[in-house]
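Here's the structure we're looking at; comments come further down.
Everything numeric here is computed off the predicted structure, so don't read it as measured data. We name chains A, B, ... by the order of the sequence lines, and we start the count at 1 in each one.
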Protein chains: 2
Amino acid sequence: MDGLFSINELAEAFDISARAIRFYEDKGLIAPERVGSRRVYTKRDRGRLQLILRGKRLGFSLAEIREYLDMYDQDPTQQAQIRLLLEKVSERRMQLEQQMIDIQDTLSDLEDIETQIKARL
Amino acid sequence: MDGLFSINELAEAFDISARAIRFYEDKGLIAPERVGSRRVYTKRDRGRLQLILRGKRLGFSLAEIREYLDMYDQDPTQQAQIRLLLEKVSERRMQLEQQMIDIQDTLSDLEDIETQIKARL
DNA sequence: TTATTAGTTAACGTTTACGTAAAGTAATTC
DNA sequence: GAATTACTTTACGTAAACGTTAACTAATAA
């Protein structure tokens, strides 16, 4: 229990299913040790899972996330790959900025409608 | 040509496939007139398509977008439904805010790595 | 008249990210 | 020793959003 977790502990901690975690393993995103047949996750594995979930929240596919994780694992002097990730993140940020504009446009449309409603009362 | 569009014109204008536009029709999101068997889109249809794409950018499913479009079509005095949409948009905005935090966390991680790299040189 | 262009319907295929049994094992509890 | 708990693998199922032939039609250009 000293910094080690079962699959269900992690599932509960991150509010995802154990199935999901196994799926990430299937896809090569995480590779916990085994004790017998059971998966045992270290703190480091936990951090990795956190990175996976952050990637998901950012809208990246598991395949993309895997690439980034592999990159993190490799020798961190691979500047080129870090630039690639920076680009991806920057792309994503541009998308988010567009989404923010979309949100504001939508809210503005809704305000118009509400104004019209109130005008009728 | 006076405010009327073919399916391919719209596809090109919005940079999506004609197949996609037909698919939206299949799902009941848009219903252009026909001239013979061919679809003809009015300016209003065009606006509708724009709303669809905005919804998509916001991460809503076509089913959800359909609900909102139906709502726009109905008598706009249905306050309850507008509140529902406002809620959905607000939820989405919260997600976006989380994503912004994720982006910043990621950028900050990357900065750390870059700093380490530079320190080694 | 014969291509070519632009559109049509129908229907099966594809990808992603899991959900959901089914059937089994290993360790603990009563 | 029987039941419960916590896992395991295998494998088929699912939903969303189109992509991709295939086979056809109608209008226009050469």
Where along residues 45-55 of chain A does a heavy atom fall under 4.0 Å from DNA chain C? none
Would you list the atom pairs, donor with acceptor, under 3.5 Å between side chains in residues 12-28 of chain B and any protein atom, with sequence neighbours excluded?
from: Ser17(B); atom 1: OG; to: Ala20(B); atom 2: N; distance (Å): 3.0
from: Glu25(B); atom 1: OE1; to: Arg39(B); atom 2: NE; distance (Å): 2.6
from: Glu25(B); atom 1: OE2; to: Arg34(B); atom 2: NH2; distance (Å): 3.1

Please assess Leu53(A) against Arg57(A) for the test side chain to side chain contact (heavy atoms under 4.5 Å, CB included), listing each intermediate value before the final yes or no. CA-CA 6 Å; Leu53(A) 297 181; Arg57(A) 282 196 303 270; 4.2 Å; yes
Ser61(A): which residues meet the side-chain contact (heavy atoms from CB on, under 4.5 Å) condition with it, sequence neighbours left out? Ala63(A), Glu64(A)
Can you name the side-chain contact (heavy atoms from CB on, under 4.5 Å) partners of Thr42(B), sequence neighbours left out? Leu4(B), Arg44(B), Asp45(B)
Kindly check if the number of other-residue, nucleotide or ligand heavy atoms within 6.0 Å of CD (Glu33(A)) is above 12?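 Atom CD in Glu33(A) is not packed in, count stays at 12 or less.
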Can you check each nucleotide of nucleotides 21-27 of chain D against protein heavy atoms at under 4.0 Å and return B for base, S for sugar-phosphate only, - for none, in 5' to 3' order? -----B-
Between Thr115(B) and Glu111(B), is there a donor-acceptor pair closer than 3.5 Å when you use the side chain of the first and the backbone of the second? yes
For Asp70(A), what residues pass the salt bridge (Lys or Arg N to Asp or Glu O under 4.0 Å) criterion, not counting sequence neighbours?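 In terms of salt bridge (Lys or Arg N to Asp or Glu O under 4.0 Å), with neighbours along the sequence ignored, Asp70(A) is linked to Arg66(A).
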Name the pairs: protein N/O against N/O of nucleotides 11-16 of chain D, kept only if under 3.5 Å.
none

For the residue pair Leu29(B) and Arg48(B), what are the closest heavy atoms and their distance? O-NE, 2.9 Å
What's the [atom1]-[atom2] distance between [X] and [N], to the nearest Å?
X: Glu25(B); N: dT8(C); atom1: CD; atom2: C1'; answer: 11 Å
X: Ile21(B); N: dA6(C); atom1: CD1; atom2: P; answer: 15 Å
X: Lys56(A); N: dT16(C); atom1: NZ; atom2: P; answer: 13 Å
X: Arg22(B); N: dA17(D); atom1: CZ; atom2: P; answer: 18 Å
X: Glu12(B); N: dA6(C); atom1: CD; atom2: C1'; answer: 13 Å

Suppose we screen for ring pair (Phe, Tyr, Trp, His ring centres under 6.0 Å). Which residues come up paired with Tyr41(B), at least two apart in sequence or across chains?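 None.
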Sequence-distant partners of Phe5(B), ring pair (Phe, Tyr, Trp, His ring centres under 6.0 Å), two or more places apart: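 Phe5(B) satisfies ring pair (Phe, Tyr, Trp, His ring centres under 6.0 Å) with no residue once adjacent residues are dropped.
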Give a yes or no on whether Met71(A) and Ile117(B) share a hydrophobic cluster (residues Ile, Leu, Val, Met, Phe, Trp, Tyr; joining criterion: side-chain heavy atoms under 4.5 Å apart).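 Per the 4.5 Å side-chain linkage, Met71(A) and Ile117(B) are co-clustered.
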Report which part of the nucleic acid Arg39(B) touches: base, sugar-phosphate, or nothing (heavy-atom distance under 4.0 Å, all strands).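 If one applies the 4.0 Å heavy-atom cut-off, Arg39(B) turns out to touch the sugar-phosphate alone, with no base involved.
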With sequence neighbours left out, write down each residue that passes side chain to side chain donor-acceptor pair (under 3.5 Å) with Arg93(B), or none if nothing qualifies.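 By the side chain to side chain donor-acceptor pair (under 3.5 Å) rule, Arg93(B) matches no residue at all.
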Less than 3.5 Å apart, which donor and acceptor atoms pair up between the side chains of residues 103-110 of chain B and the rest of the protein, not counting sequence neighbours?
from: Thr106(B); atom 1: OG1; to: Arg54(A); atom 2: NH1; distance (Å): 3.3
from: Thr106(B); atom 1: OG1; to: Asp102(B); atom 2: O; distance (Å): 2.8
from: Asp109(B); atom 1: OD2; to: Arg54(A); atom 2: NH1; distance (Å): 3.0
from: Asp109(B); atom 1: OD2; to: Arg54(A); atom 2: NH2; distance (Å): 3.4

Residues from residues 26-36 of chain A sitting under 4.0 Å of DNA chain D, heavy atoms only? Arg34(A)
